[in-house]
Every structure is written in structure tokens, then in C-alpha cells.
Amino acid sequence: MTWTDEELVARSIGGDSDSFNELVLRWERPIYALAYRTIGREEDARDVCQETFLRAFRALPGFRGQAKFSSWLYRIALNLCRDWVRRERRAPVVQPPENVDLMDLAASAEPSESIEDLVARKDLSRAVERAMAVLPEEQRTAIILKEYHGLTFQEIAELVGCPLSTVKTRLYQGLTVLRRELAKNKRATL
Amino acid sequence: MSETVCSYSGDRDEAIVSHLYADESDPAVRAAFEAHLATCVHCASDLAVLRGVRSQLARWSPPEPKFAVVTSNPDSRIPTNPKSRIPNPASWWREIPAWAQVAAALLFLGVAAGLANLDVRYDSTGLSVRTGWLPSRDARVGDVRSAPASTSAGIASQINAVPPWRDDLAALERRLKTEFHGTQAGAAMVAAAPAQPARAASDAEIVRRARVLIDESEKRQQSELALRLAEVLRDMSAQRQADLVRVDRALGTVENKLGVQVLRNQQQMNYFMRTSQRQ
């Protein structure tokens with residue numbers, strides 16, 4: 001039987017540790033992906049992800065279900081990411097595309113994908129990563145939440161605490177900057 | 001599509017984003033923008049470009065996380081910092097192959113026996129096991145015999161000073177042992193016959209198991225070696241392919257530049273020809 005998040009939360013509050021484990025298993029990848037895309041460092045993203053669940057676990061008795069559990073988790077993770085960026089006082093770290101780790105590429109190669117496609121895909125992925133790093137934090141957050149986590153505009157507005165129209169404007173501005181940066185990158189590689 | 005300058009009356013950026021992400025929250029605005037889109041080249045172009053950006057964004061995937069945050073132990077169920085994770089002592093022990101565990105156990109027993117100065121004897125007096133560092137009486141006598149002459153006299157006097165009741169006690173011990181073995185000899189003869197094959201069979205079984213373990217370990221090592229070799233070959237192949245792609249790209253760029261240069265030269269030659277013909 002598959003429990004909903006809310007049911008698992010209720011069971012966790014009631015002392016069922018397996019339920020919280022289930023929640024962690026269910027949400028650790030999305031939270032890690034959010035953290036990685038926001039701060040751009042694998043190890044720090046992992047730390048943020050784990051810290052998110054630690055805080056969620058501690059605060060679980062106070063969770064009254066006024067928001068979705070996932071939204072609540074996202075908010076914790078975003079706050080931690082924001083703290084990280086402020087603490088580090090720097091933009092997300094992005095590896096230069098020249099340093100493509102071919103060992104890593106080879107390890108992640110799928111049998112059906114040729115090496116040329118793989119290199120191209122990784123190059124594009126890094127180009128996107130680099131372009132995202134240029135964005136201001138609020139635009140990057142809006143794009144990540146919408147593009148990679150499929151949140152509604154309303155959910156994003158509630159999460160980041162701004163009007164819905166502001167979310168849309170940030171998205172438009174962010175996408176426009178990305179368009180320019182990606183085009184710049186494309187010209188540079190030609 | 002006829003408009004080249006956008007004349008959308010609402011908030012254009014918001015409308016484009018709503019359309020881009022198929023937001024159905026405001027159907028009236030959406031319908032109005034769709035009607036506008038049918039006539040506005042500018043908005044249609046903008047929308048197409050942003051769709052392209054989105055398709056590129058979809059190619060960005062974070063690296064695979066290496067998680068170890070969930071355990072079945074309620075006390076450690078809370079996610080922990082990987083830097084502060086302490087391996088479970090039982091788990092690393094389980095990771096050691098069985099043959100290595102057997103070898104470690106034998107080594108431990110051997111060292112323990114050595115430390116305890118274990119002395120096992122099986123002679124006419126039967127099986128005797130002695131531990132500790134006190135030398136036996138025979139050893140003491142041997143030590144005395146091998147001692148330098150200057151000290152032997154003093155030690156010999158100490159031996160001579162041993163009280164006479166000790167000899168009586170030794171004689172009594174010898175007599176008791178003789179009697180004891182006399183009564184048990186028959187039973188030992190009967191019991192020894194079936195015990196010997198059983199012990200031999202047990203030894204053979206242990207040897208067989210050890211061989212099986214060693215064979216399995218060798219097979220595992222061979223397969224692991226083959227896997228590592230395959231990985232190295234694959235990595236080398238990937239490196240070579242990537243290098244080839246880069247070389248190919250670089251060559252293409254050089255060819256393009258060369259082609260452009262040749263074209264320019266040709267145009268210059270044509271110009272000179274035309275100029276010289278006019279003159």
C-alpha cells in the first residue's frame with residue numbers, strides 16, 4: 001500500500017520511524033537536485049539535502065499540514081541554500097567546460113549513446129549550468145522550481161514569498177538571460 | 001502574422017510565460033494572448049526562442065547523488081553528515097571474505113598460543129597441556145648444565161638443597177600415572193580405532209572447505225580484475241573518441257579559416273585581373 005506524504009507525516013509524528021524513512025527515500029533526490037542546481041557543488045548539495053531532512057525531522061511535531069509536505073521541504077532546502085550562498089559569499093561554482101571529466105563521462109555512458117552524443121550532451125549540460133550561474137538568485141530559484149520541479153506559479157509564489165506576477169516576471173527575465181548566455185556559449189564553442 | 005511591433009495590451013512578459021508553461025489559471029488572458037499571437041511576429045518569435053531555451057534546460061541533469069541517509073535503526077534514522085558517519089564495526093567485518101576470516105582466526109589462535117607459551121605434549125604419560133612462562137624442571141636442570149662454571153657451583157648447591165619430600169612426591173606421581181594408564185589402556189585401544197578415521201574425515205572436510213573458499217576467492221579476484229581491465233579499456237576508448245572528436249572539430253575550424261582565406265585571395269586575384277584588363 002502506498003501512503004500519501006501527509007499520511008506518512010502523521011505516522012512519523014506518531015513515532016513510526018519507518019514512515020519518516022519512506023519520506024526521505026521519496027524526496028531525497030528532488031531535494032538534492034534542487035540544492036545542486038541552486039548552489040552548484042555536489043558535496044555541499046548533499047550536505048544541504050541531509051540538513052534539510054534533519055531539520056524537517058526535528059520540526060516535524062510542529063508541522064500542522066498548512067502547506068504540502070513537499071512545499072515545506074522545499075522551503076527548508078531553499079533557506080539552507082540561501083544561507084549557503086550568503087555564507088560563501090559567492091556565486092554558484094561551475095566547472096569550466098574544458099575540464100570535462102572523461103572518466104566520469106565514460107562511467108555514465110549509456111550503451112545506446114555514442115561517445116560523440118555523450119560529449120555533446122555533457123557539454124550542453126555544462127553550458128546550461130554555467131548560464132544558470134549567471135542568473136540572480138531569485139530568477140534562478142524561480143526557473144529551477146518551475147522547470148525542474150514542476151511547481152505551479154502559485155506554489156512558487158508562496159514558497160519564495162512574492163506575488164504571482166513577480167514569479168512570472170522573474171521567469172521571463174531569467175529565461176531571456178539564459179537565452180543570451182547560451183547563445184554566447186554556442187558562439188564561443190564554434 | 002502581420003504585426004512587426006507588439007501591440008499586446010496586457011503584461012506581455014507574464015502572458016508569454018503563462019503560455020510557455022501552459023498555465024490555465026486565467027483562461028481569459030490566455031485566450032486573448034493566443035489571439036494576439038496569431039498576428040504578432042515578435043511574440044511568436046520570442047515564444048519559439050524561449051521554447052528552445054527550455055528544451056536546452058531539460059538537458060541539465062545533476063550528478064548522481066551518493067546517499068546513505070536512511071537506516072532501519074531508529075536512533076540513526078536522522079540524516080547525518082557524511083563526514084561524520086562512522087562505519088558500523090559489524091559491517092566492515094562482514095565485507096571480509098570467508099577465507100580471510102578463517103586465516104585471521106588461525107593467526108589469532110597461533111599468536112595467542114605463542115603469548116601463552118602453550119606447551120602441548122603427547123608422550124607415554126598421556127596428553128599434557130601447560131601454559132605460562134615458568135620453565136619446567138628439566139629445563140631448569142638443562143639451564144644449570146649449560147651455565148658457566150663460576151655460577152654452576154652455587155646453583156648446584158641450591159639444587160642439592162631441594163627438600164627430600166620432593167623425591168617422594170615425584171615417585172608417588174609416577175606410580176599413580178602408571179596405574180591410571182594401566183586401567184585405561186583397554187578402553188583407549190577400543191576408542192582410538194573409530195576416532196582416527198573420524199578425525200581424518202574431519203580434517204579432509206576442513207581442507208576441502210578451505211580449498212573451495214580459496215577457489216571462490218580466486219574466481220572473484222579474477223572477475224574483478226577482468227572488470228577493472230574492461231573499465232580501463234572503456235575509459236581509454238572514451239578518451240580516444242573524445243580526442244578524435246576534438247581534433248575533428250579543430251580541423252574543421254582550420255579548414256573553414258583556410259577556405260575563407262582562399263576565397264579572399266581568389267577575390268583579390270579577380271579584382272586585380274579585372275583592373276589590369278581595364279587598363
Side-chain angles (χ1 to χ4, degrees), chain A residues 17-18 20-22 24-25 28-29 32-33 36-37 42-43 45-47 49-54 57-58 100 102-109 114-116 118-119 121 124-129 132 143 146-148 152-154 164-165 167-169 171-173 175-176 178-179 182 189-190, chain B residues 11-18 20-21 23-26 46 49-54 56-83 231-246 248-249 252-253 256:
Chain A
S17 60
D18 287 342
F20 190 77
N21 279 347
E22 177 65 30
V24 174
L25 281 174
E28 64 185 355
R29 277 171 186 274
Y32 166 78
Y36 178 79
R37 287 186 172 114
E42 195 178 343
E43 195 176 331
R46 214 162 47 224
D47 286 351
C49 178
Q50 296 186 342
E51 182 67 20
T52 300
F53 285 104
L54 181 63
F57 181 76
R58 283 179 186 153
V100 176
L102 286 168
M103 294 298 190
D104 187 24
L105 290 186
S108 63
S114 72
I115 192 72
E116 289 85 359
L118 180 67
V119 171
R121 185 168 64 84
L124 181 56
S125 179
R126 286 184 185 277
V128 172
E129 195 170 340
M132 288 289 281
I143 288 177
K146 186 67 192 167
E147 198 64 50
Y148 300 107
T152 64
F153 294 119
Q154 188 60 44
L164 193 142
S165 60
V167 172
K168 288 184 179 177
T169 306
L171 270 166
Y172 181 81
Q173 289 169 346
L175 289 172
T176 308
L178 284 179
R179 164 194 177 181
L182 289 170
T189 53
L190 283 177
Chain B
D11 190 320
R12 181 178 170 276
D13 298 352
E14 284 184 32
I16 285 182
V17 167
S18 296
L20 193 63
Y21 289 101
D23 180 31
E24 304 284 351
S25 60
D26 197 343
D46 215 2
V49 170
L50 292 184
R51 281 204 181 105
V53 172
R54 282 197 69 195
Q56 283 181 293
L57 288 181
R59 309 286 290 272
W60 183 26
S61 52
E64 195 63 20
K66 302 172 187 79
F67 285 119
V69 293
V70 179
T71 69
S72 57
N73 181 1
D75 296 331
S76 58
R77 68 191 166 181
I78 303 167
T80 54
N81 189 327
K83 292 171 190 165
E231 281 177 354
V232 168
L233 286 175
R234 188 188 59 182
D235 291 345
M236 282 176 65
S237 171
Q239 176 79 56
R240 195 176 66 83
Q241 292 281 353
D243 288 345
L244 283 174
V245 169
R246 285 199 176 132
D248 196 32
R249 280 182 190 165
T253 311
N256 282 343

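Every value quoted in this text rests on a predicted model; they were computed, and no experiment measured them. What's counted below: heavy atoms across the whole structure, side chains too, no hydrogens, waters or symmetry copies. Per chain, numbering begins at 1; letters A, B, ... match sequence-line order.
Closest non-hydrogen pair, A:S125 versus B:S61, comes out as OG-N, 3.7 Å. Closest approach of A:R179 and B:V53 over heavy atoms only: CB-CG2, 3.5 Å.
Residue A:I143 touches chain B through its side chain alone, counting heavy-atom pairs closer than 4.5 Å. Using a 4.5 Å cut-off between heavy atoms, B:R12 touches chain A through its side chain atoms alone. B:L20 touches chain A through its side chain: at least one heavy atom from C-beta onward sits under 4.5 Å away, while N, CA, C and O do not. Using a 4.5 Å cut-off between heavy atoms, B:L50 contacts chain A through its side chain alone, with no backbone atom that close.
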(request) Go through B:L57 and A:L175 one step at a time and tell me if the side-chain contact (heavy atoms from CB on, under 4.5 Å) criterion holds. (result) CA-CA 10 Å; B:L57 288 181; A:L175 289 172; 3.9 Å; yes
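Between chain A and the options B:D46, B:L244, B:V49, B:I16, the largest number of non-hydrogen pairs under 4.5 Å is found for B:V49. Among A:L164, A:L171, A:T52, the residue with the largest count of heavy-atom pairs under 4.5 Å with chain B is A:L171.
Distance OG/B:S18 to OH/A:Y172: 12.5 Å, rounded to 0.5 Å. Put simply, CZ on A:F153 and CG on B:D26 are 12.0 Å apart, with the number rounded to the nearest 0.5 Å. For the atom pair A:L178 CG and B:R54 CZ, the distance stands at 12.0 Å (nearest 0.5 Å).
Taking a cutoff of 4.0 Å between a charged side-chain nitrogen and a carboxylate oxygen, B:D23 and A:K168 qualify as a salt bridge.
The aromatic rings of B:W60 and A:Y36 sit tilted, their planes meeting at an angle between 30° and 60°.
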